[in-house]
Amino acid sequence: MRILVVGAGAIGGYFGGRLLQAGNDVTFLVRPKRASELASAGLVIKSPAGDVTLKNPPTVQADKLAEPFDVVLLSCKAFDLEDAIKSFAPAVGPNTAIIPLLNGLLHLNVLDKKFGAERVLGGLCAIAVTLNEAREVVQLAPMQSLNFGERDGAMSERVRAIAKAFDSGKFGAVASEHIMQDMWEKWVFLASLAASTCLMRTSVGNILAVAGGKDFLLGMLDECAAIAKASGFEPAGPFFQRTAGLLTTEGSPMTASMFRDIKAGLPVEADHVIGDLVARADAAKIPVPKLRIAYTHLKAYEKQRG
């Protein structure tokens, strides 16, 4: 099975690196600068699950892609999706399966339109990972998982084949028969956390420590969950209880990566993570005052960035 990993940043570098370490046929689609870094220093992973340096990992640049791959693993930011599609399009053949690990759901529409829905699986990952100054992939906590599956819930032969390959990476791969539910639940959690910590510009613990903080956090979760329910994907009881627990843990330093991006002056996925939920709430006539304020706040930040 030939696997193309789009990018060798934090997420692509980690999951692709683990697959390569396990002996899979993996190629990283990278820009010239990253190709040079990987050629000289290798792909370095530092992790609680074990460090590894993969020397001269196979790379390709967009203008050299000529043959289709069996799997395309896509982990770019939503605002980079169009450029990413242009770069990996030559690798998509009649039998290629694309596994996107982007936030929200808007990207599915874009990928479906370009490649056909039959080539686009559902997917998500949960991992805390970053690139350090030395351009090494650093996993910040032991948690790691990657869920993927047919969007209609079928356990197809291609999903079974991908699962066999991904299992070898030992990163908690799950071939899911309810991937859309999984994606909605991650979105509800991520949006609740991002909207809250971005709007208040601080951690969950600091929000909880002030008057009205707990009600604010749980209110944001309720709004996001109501949108999921109206869309046919009501968050399951255990998920909701676990998420509510994370959002009400006193002293928690937890913030969303979107908040960290704001602090660094970087672009954010305002439309994809928050704006799309507001649009779905409007369509379903669900009032979401907290979420709407958070979205306005993020759009004002984007305007300020220029």
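Since we're looking at a predicted model, the values are computed, not measured.
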Side-chain donor-acceptor pair present, [X], [Y], cut-off under 3.5 Å:
{"X": "N24", "Y": "S168", "result": "yes"}
{"X": "R18", "Y": "S47", "result": "yes"}
{"X": "S176", "Y": "D182", "result": "yes"}
{"X": "T27", "Y": "R2", "result": "no"}

Flag if over 12 foreign heavy atoms under 6.0 Å of NZ, K186: yes

Audit row: K77, D83, salt bridge (Lys or Arg N to Asp or Glu O under 4.0 Å) steps and yes/no: CA-CA 10 Å; K77 290 285 191 177; D83 286 342; over 6 Å; no

Parallel, tilted or perpendicular: rings of F233 and W184 (30°, 60°): parallel

Parallel, tilted or perpendicular: ring planes of F88 versus F115, cut at 30 and 60 degrees: parallel

Show the nearest heavy-atom pair for residues [X] and [Y], with the distance to one decimal.
{"X": "P57", "Y": "L38", "value": "CD-O, 3.7 Å"}
{"X": "Q144", "Y": "A49", "value": "NE2-CB, 4.2 Å"}
{"X": "Y14", "Y": "I127", "value": "CD2-CD1, 3.5 Å"}
{"X": "A244", "Y": "L218", "value": "CB-CD2, 4.1 Å"}

Chi angles and distances behind the salt bridge (Lys or Arg N to Asp or Glu O under 4.0 Å) call for D271, K299: CA-CA 8 Å; D271 291 322; K299 295 305 287 183; 3.1 Å; yes

Salt bridge R305-E302, side-chain N to carboxylate O under 4.0 Å: no

Lys/Arg N to Asp/Glu carboxylate O, R280 vs D276, below 4.0 Å: yes

The single option from V204, T202, T197 passing side chain to side chain contact (heavy atoms under 4.5 Å, CB included) against M200: T202

Trace of the ring-ring contact (aromatic ring centres under 6.0 Å, His included) decision for F189 with F240: CA-CA 9 Å; F189 169 65; F240 197 87; over 10 Å; no

Residue pair V5 / L29, side-chain heavy-atom distance below 4.5 Å: no

Side chain proximity check, L277 to V188, heavy atoms < 4.5 angstrom: no

hydrophobic_cluster_shared for M220 and M254, side chain cutoff 4.5 Å: yes

Cluster overlap L193 with V278, hydrophobic side-chain contacts below 4.5 Å: yes

Hydrophobic cluster of L106, others only, ordered by chain and residue number, side-chain cut-off 4.5 Å: none

Salt bridge (charged side-chain N to carboxylate O under 4.0 Å, His left out) involving D282 - partner list, sequence neighbours excluded: R292

Pairwise distance [atom1]([X]) to [atom2]([Y]) - rounded to 0.5 angstrom:
{"X": "C76", "Y": "H107", "atom1": "SG", "atom2": "NE2", "answer": "9.0 Å"}
{"X": "R119", "Y": "R158", "atom1": "CZ", "atom2": "CZ", "answer": "9.5 Å"}
{"X": "I98", "Y": "I85", "atom1": "CD1", "atom2": "CD1", "answer": "8.0 Å"}
{"X": "L146", "Y": "L101", "atom1": "CG", "atom2": "CG", "answer": "5.0 Å"}

CA sep, side-chain torsions, deciding dist, call: F166, F15, ring-ring contact (aromatic ring centres under 6.0 Å, His included): CA-CA 9 Å; F166 281 17; F15 289 115; 8.4 Å; no

Steps toward side chain to side chain contact (heavy atoms under 4.5 Å, CB included) verdict (I45, V138): CA-CA 6 Å; I45 297 175; V138 181; over 6 Å; no

